[in-house]
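Everything below concerns the one structure shown next.
No hydrogens, no waters, no symmetry mates; every other heavy atom, side chains included, goes into these values. Residue numbers start from 1 in every chain, and the chains themselves are labelled A, B, ... in the order their sequence lines are given, proteins ahead of strands.
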Amino acid sequence: MSDKPDIRANRPALALHVPEPPFRPGDTPDFSSIKIQAAGEVPRPDVAADAAETHPLTTQLVRVLDDNGHAVGPWNPKLDPDTLRKMLKDMKTVRVFDDRMYRAQRQGKTSFYMKCTGEEAIAVSAATAMDPEDMHFPTYRQQGLLVARGYPLVTMMCQIYSNKGDPLQGRQLPIMYSDKKHGFFSISGNLGTQYPQAVGWAMASAIKGDSRIAMGWIGDGATAEGDFHSAMTFAAVYQAPVILAVVNNQWAISSFSGIAGAEQATFAARAVGYGIAGLRVDGNDALAVYAAVKWASERARTNNGPTTIEFFTYRAEGHSTSDDPTGYRAKGEAEEWPLGDPIARLKAHLVALGEWDEERDAALDKEIDSSVRGAQKEAESQGILPQQGFDNIPSMFEDVYSETPWHLAEQRDQALDEAREFLGHEPK
Amino acid sequence: MSDKPDIRANRPALALHVPEPPFRPGDTPDFSSIKIQAAGEVPRPDVAADAAETHPLTTQLVRVLDDNGHAVGPWNPKLDPDTLRKMLKDMKTVRVFDDRMYRAQRQGKTSFYMKCTGEEAIAVSAATAMDPEDMHFPTYRQQGLLVARGYPLVTMMCQIYSNKGDPLQGRQLPIMYSDKKHGFFSISGNLGTQYPQAVGWAMASAIKGDSRIAMGWIGDGATAEGDFHSAMTFAAVYQAPVILAVVNNQWAISSFSGIAGAEQATFAARAVGYGIAGLRVDGNDALAVYAAVKWASERARTNNGPTTIEFFTYRAEGHSTSDDPTGYRAKGEAEEWPLGDPIARLKAHLVALGEWDEERDAALDKEIDSSVRGAQKEAESQGILPQQGFDNIPSMFEDVYSETPWHLAEQRDQALDEAREFLGHEPK
Amino acid sequence: MTTRNMIEAINDAHRVMMARDEDIVVFGEDVGYFGGVFRATAGLQKEFGKTRCFDAPISEGGIVGTAVGMAAYGLKPLIEIQFADYIYPGFDQIVSEVAKMRYRTAGEWTMPMVIRSPYGGGIFGGQTHSQSPEALFTHCAGLKVVIPSNPYDAKGLLIAAIEDPDPVIFFEPKRIYNGPFDGHHDRPVKPWSKNELSEVPDGHYTVPLGKAKVVREGEALTVLAYGTMVHVALSAIEDNGIDAEVIDLRTLLPLDMATIEQSVKKTGRCLVVQEATKTGGFASELATLVQERCFYHLEAPVERVTGWDTPYPHAYEWVYFPGPIRMKNALKKVLEA
Amino acid sequence: MTTRNMIEAINDAHRVMMARDEDIVVFGEDVGYFGGVFRATAGLQKEFGKTRCFDAPISEGGIVGTAVGMAAYGLKPLIEIQFADYIYPGFDQIVSEVAKMRYRTAGEWTMPMVIRSPYGGGIFGGQTHSQSPEALFTHCAGLKVVIPSNPYDAKGLLIAAIEDPDPVIFFEPKRIYNGPFDGHHDRPVKPWSKNELSEVPDGHYTVPLGKAKVVREGEALTVLAYGTMVHVALSAIEDNGIDAEVIDLRTLLPLDMATIEQSVKKTGRCLVVQEATKTGGFASELATLVQERCFYHLEAPVERVTGWDTPYPHAYEWVYFPGPIRMKNALKKVLEA
Ligand SMILES: Cc1ncc(C[n+]2csc(CCOP(=O)(O)OP(=O)(O)O)c2C)c(N)n1
Ligand SMILES: Cc1ncc(C[n+]2csc(CCOP(=O)(O)OP(=O)(O)O)c2C)c(N)n1
Ligand SMILES: [Mg+2]
Ligand SMILES: [Mg+2]
């Protein structure tokens, strides 16, 4: 077909670029090449500003807390000490909760667990910045939303144990919480699905002339799903009152963020292409997170449209209890991570304010430890996973539909017969 | 749950923004508010430039032909007159072809047709700028690629008639062409699917150290599909040697481009969020299209990565033979469209160069008219759709798999029995 | 009572319900100003405003995904997928989210939505405007699947679907939007106006979900059909003078097994009919259920009339379509076995 | 000959074929450096380089979509979908593109690719790590669907699938990756090493697609099973001392109907077994085919053993799973009917 047969011979060979993280097992991590803005450096546009005015911020990093624990610059939300102490307590609670539940899984008390170590500031500050009536569409790493909103730890644990106290009746994998009253939408196992759902909820709120807004959450890795694009597109088209958060914790199981496109652009920068306001925020800085979410929620609430926020952070532990990160990333990355530990940073800030000291901190740790232990004891009194599975079998056939159709009724009866035979007695 | 029950009462009511095109039936279209760069105004970065250097161009408009038919500015590709005349001929051929096939459908000779009137420059110039070995993953509106690459008009028509000469054996809807030799990938009825496929083809070429590149095509409306995002993401991550074109003809059936997000950002700007090079081009300016595609193909071919190009144009006719645009858009929009008719503009350029005149133009029109008519006659001699459907029935059961499994063989035999009964004679 | 074709009946169901229930929102590709490529939503935007009926981006995943969020808020999305062939980009949201939400949240969040979509062939639409993907959804616990076969049922079933607390996939046989089609592609098209089922009451009424309808009583065999194929079956039965009982399923999931069993136990023979691709179609589920539950009444194997296991080929539409001859041969086979 | 579990056998099939055919590219989520969450691709990136085996973005649609482009170029993509439950975002590319490409281009473009994915429950994975969606693909003309039940077959079938010119959906029963599972969740886990089918030849060999295997001969009834359920069926048969003939289908589409027919005509009774949700599962297709083709040999209705029509509930895994008691009751029902 070609009339220029010699063209290709003179051309350079193409080559596929396969991104590779800077460090692999055996390497010594060194993050000095990551450019980090000084705290207070990034300007704060008006909440009603043109989206375009925010776009330079998508390649920077909104930070409030400096290395000495001082809150500086235009994004300083100037929170009162009580609020700060509540945030510290919530963040610490999340960490202790994670540790205990991780151990519970290791002890065989349940099948699965996922920590958010190092990312506690993000969910806790977001919950603090928004109204209790606002709706979250979270991923499995926003347990901090529930903690900050006062959802009972015991109930969270019961869900994890799939026991009698589990409001989801043992139907969901551990940590797939759901609670309407606390504005926490049912977590999906399928990555990304919640993102356009958040937009739809916000659209509904706007259709109804309500004042509640929604916040959708997604991980860096899951931004690659088509649902991410659906959410951004619908949010932009209908100017939905929604905040679309990307928690960039650098890893998606074993894939580093470059496999989701981070070598070429920040996740916040995705906003630019849709004409959505965009912010990129130090996710380990509780005040910066608070300020950014507050900004975006005010923007949404005043009909100024959606905001995409990238929270730049680091997944300090394995992906889940099924994962061992030493197989794919260098040891010590979490320690070397240049943005520090969010709990330590918030504590330092309170100390710098003169509103906190080591004594109170130790007392708080003790209090949290004992309340989490207490909750665990109470939850376990309602059963752990290995004891579940043969009580209240009819419940398993409910809620497929609003009413049980004939075929499920038949199957339920058959299942009960089988259980009777298996147990050697009438199932409870 | 709320401890601040009064908050919502003081808040403004949210409102859903539903985009609406500037004009509807009954309105008098007036596009003077569309900002159009003067020809030659937009700079031309080096083909190896950082993607970021192109990003300001995503909100501008690369234009070469000015109102007097002169080619101006850094994007002027300085094509020789023979090439220009070939482009003019191809564009005119496409338009005549469209007209005749549209009429054939209206005459009941086939089931369906889609024109690309007003968009002829885009496919023809792209084909001209790329190598014949490069692969296109087109939509149904790039018939110009086939015409420019010399695919026989008769074969295109046979496909449209689903007749004996149809290389796709009557299996596909009219205009869903496919031809490997001409680097034209099988058109899909499902919008958007071809976009990541183009990226995959380009990745394969890079994996193999080949020098051929790919070009994916999509409409403004279809950019909303998840596949658009897959394509952009994979192209960015692996720096695939691919050109991703968005043909923004302002309409997607009855929905204007605002329903795909055009109120908030250009389609070219999507590139920014992925760190892909982006260009926005006057799609009715054959030279600008050529120059942009040439630039992007050189960039891809030298391992400098993908480019997204928005071609800004206007769908001058209905979406397809199933559509009547007077039901949703104002009359006269095509005539008012500020970027003019691509054929008239290229012709004016050739005239301005002294390489063309009315006489030659009339002769060319006549030549094209007669060759298209001749092709149509030849195609129709091989049958029109209403005569099809009962010849060579076994072919219908082939190519589901490489070999015919037992169940399809049984079904084939049954279908033949039925046809025998229906026809009253042995099917051919 | 007004004479309506199926599109008009469906349009009217929208109108009636949108007026009664402010929480109903209608959206989809081209459904707003224009009123849909098949005109099912014509006039709704004008009547109910832009925030109750509007165009959506071309993103079936986004349409379903945002509808999930709206349902979570408390609205009742009534959405259109332009062609059933284009439902696949929304498949994850439908099977992973819509279908399972009530279950996975133990009833806390429900998904009272209707996903309408024209399906089926016979309009020379080629491979991607002709598909019948109902079996992909009947395999999915949590969904209800409804397919009307005439204007009266279309309106009544759609209203019932909108009022139903569970998510409903509502497939509309596009071949019979404008008139019942008996499978004789070589005969003139009949309009609905000549058919009594085009007498569609004004205002609100329902045809209950989960209830099949015996549309013809008979003794010789039972024919199970839905959508376009109800008409093809009835016509073949008349043409061949067979005393068949014909059941229009109307709801595929949950199925009205009682009506089916009663009939098959009476006739002792059964033919199941679908336009979809044969292997793994809903007809297989029907045949399996019938032989499981009526085995000792069966005098012959349950037979299937279906489309072929190929994509729907443009020019070979009438070889693919399960038309009068395929029907006749199958009826004979079941009767003579 | 080396003793291998299923993961090792599958890994070895990759290795053997990547060495033989430079056009094979392996990609998917976490499959590169790390070697996959189930380790099926462990070591491949190191051995064959980053452009032959690499991590993909979390976009099943993008993974399949780019694989289509690669196949169009001339490569042979061998891709992994991390869990079958996550295949839905790639559904459109699979059913609309991969499956139909050869047909719609009259053989000009073919799609010689393999889409591997772990499926099935029994690992306390909850609703979204336990699904068995094979019936969604067996309804789709143009695809081949393969499910191995042991290491020997896994390697041989995977090599055959890679060499096959048609696209193959290769579902791997993850519950038996490390050992055969007889359905007794309350008994200790057995390793593959004690099973003769873990004797896996080194190097190249194939187990042909489209051929079922009679894994146990018997006279009393025919049991059709695949994947994990082959072991559950065999164990129930031994436990209950039943003289059943068990057929491991291995390939679901195209089906080895000849082997099935021969067996059922001999035994006169048939039980079909699947782990998937009951309604509209592949078992329905099997039951339909068997009664269509063997009706006059059948002494009892074809029965089904399946999962229930609910999502796979985390805590109720062993009530959901079609285990020994469900098997036993169904075997008895078929035998005593
Ligand atoms: C659709 C889908 N594909 C794949 C998976 C498997 N999976 C679960 S979590 C995960 C990584 C997600 O990474 P990221 O989005 O960065 O979130 P993070 O875990 O870091 O919070 C993957 C691939 C899934 N759950 N859903
Ligand atoms: C997945 C999918 N959804 C919907 C359709 C129906 N459809 C066909 S063309 C079209 C409009 C496309 O508009 P655009 O992308 O702007 O391309 P244009 O027709 O303007 O060239 C629609 C909605 C489809 N073919 N595929
Ligand atoms: Mg991550
Ligand atoms: Mg368009």
Contacting region of Thr233(A) [heavy-atom separation from chain C under 4.5 Å]: side chain
Criterion side-chain contact (heavy atoms from CB on, under 4.5 Å) against Tyr73(C), the qualifying member of Arg212(A), Met203(A), Met135(A): Arg212(A)
Side chain to side chain contact (heavy atoms under 4.5 Å, CB included) assessment of Thr105(C) paired with Gln172(A): CA-CA 8 Å; Thr105(C) 67; Gln172(A) 276 277 51; over 6 Å; no
Proximity breakdown for Ala67(C) and chain A, heavy-atom pairs closer than 4.5 Å: neither
Interchain contact, Met101(C) with chain A, by part (heavy-atom threshold 4.5 Å): side chain
Engaged part of Ile187(A) at the chain C interface, taking heavy atoms whose separation is under 4.5 Å: backbone
Smallest separation among heavy atoms of Val68(C) and Phe185(A), with atom names: CG1-CZ, 4.5 Å
Donor-acceptor contact below 3.5 Å, side chain Tyr401(A) vs main chain Arg102(C): no
Crowding at CD, Glu47(C) (>12 non-hydrogen neighbours, <6.0 Å): yes
Which portion of Val237(A) sits near chain C, non-hydrogen atoms under 4.5 angstrom: side chain
Pairs of heavy atoms under 4.5 Å with chain C: top-ranked of Ser186(A), Gly189(A), Ser395(A), Ala206(A): Ser186(A)
Arg171(A) to Tyr103(C), cation-pi by 6.0 Å centre distance and 45° axis angle: yes
Option that, when pairs with chain A are counted at under 4.5 Å, heavy atom only, ranks first among Asp166(C), Val25(C), Leu75(C): Asp166(C)
Greatest number of heavy atom pairs closer than 4.5 Å to chain A - which of Gly107(C), Gly210(C), Pro112(C): Gly107(C)
Considering all heavy atoms, the nearest Gln93(C)-Pro196(A) contact: NE2-CG, 3.6 Å
OG1 on Thr51(C) to NZ on Lys208(A), rounded to 0.5 Å: 9.0 Å
Residue selection (most heavy-atom pairs with chain A, distance under 4.5 Å) from Ala99(C), Gly74(C), Pro89(C), Ala72(C): Ala72(C)
Atom of Phe234(A), atom of Thr66(C) and distance for their closest heavy-atom approach: CD2-CG2, 3.6 Å
Distance-minimising heavy-atom pair for Ser96(C) and Asn190(A): OG-ND2, 3.1 Å
No-hydrogen, no-angle side-chain donor-acceptor test under 3.5 Å, Glu97(C) and Ser188(A): yes
When Gln169(A), Met396(A), Met176(A) are compared by non-hydrogen pairs under 4.5 Å with chain C, the top option: Met396(A)
Backbone of Leu255(C) reached by a side-chain donor or acceptor of Trp406(A) within 3.5 Å: yes
Atom group of Ile63(C) that falls short of 4.5 Å from chain A, counting heavy atoms: both
Residue part contacting chain A, namely of Lys100(C), when any heavy atom lies under 4.5 Å: neither
Leading residue by heavy atom contact count with chain A [cutoff under 4.5 Å; candidates Gly49(C), Ala71(C), Pro167(C), Ala56(C)]: Ala56(C)
When Asp166(A), Val400(A), Val199(A) are compared by non-hydrogen pairs under 4.5 Å with chain C, the top option: Val400(A)
Straight-line distance of Glu225(A) CD to Asp92(C) CG, nearest 0.5 Å: 7.5 Å
Gln262(C), CD: over 12 other non-hydrogen atoms inside 6.0 angstrom: no
Top of Ala258(C), Gly142(C), Pro254(C) for chain A proximity - count of heavy-atom pairs under 4.5 angstrom: Gly142(C)
Exercise: identify the closest heavy-atom pair between Ser402(A) and Pro165(C): OG-CG, 3.3 Å
Flag, side chain of Glu108(C) to backbone of Lys180(A), donor-acceptor distance under 3.5 Å: yes
Lys/Arg N to Asp/Glu carboxylate O, Arg104(C) vs Asp399(A), below 4.0 Å: no
Nearest non-hydrogen partners of Pro57(C) and Tyr238(A), listed with the distance: CD-OH, 3.4 Å
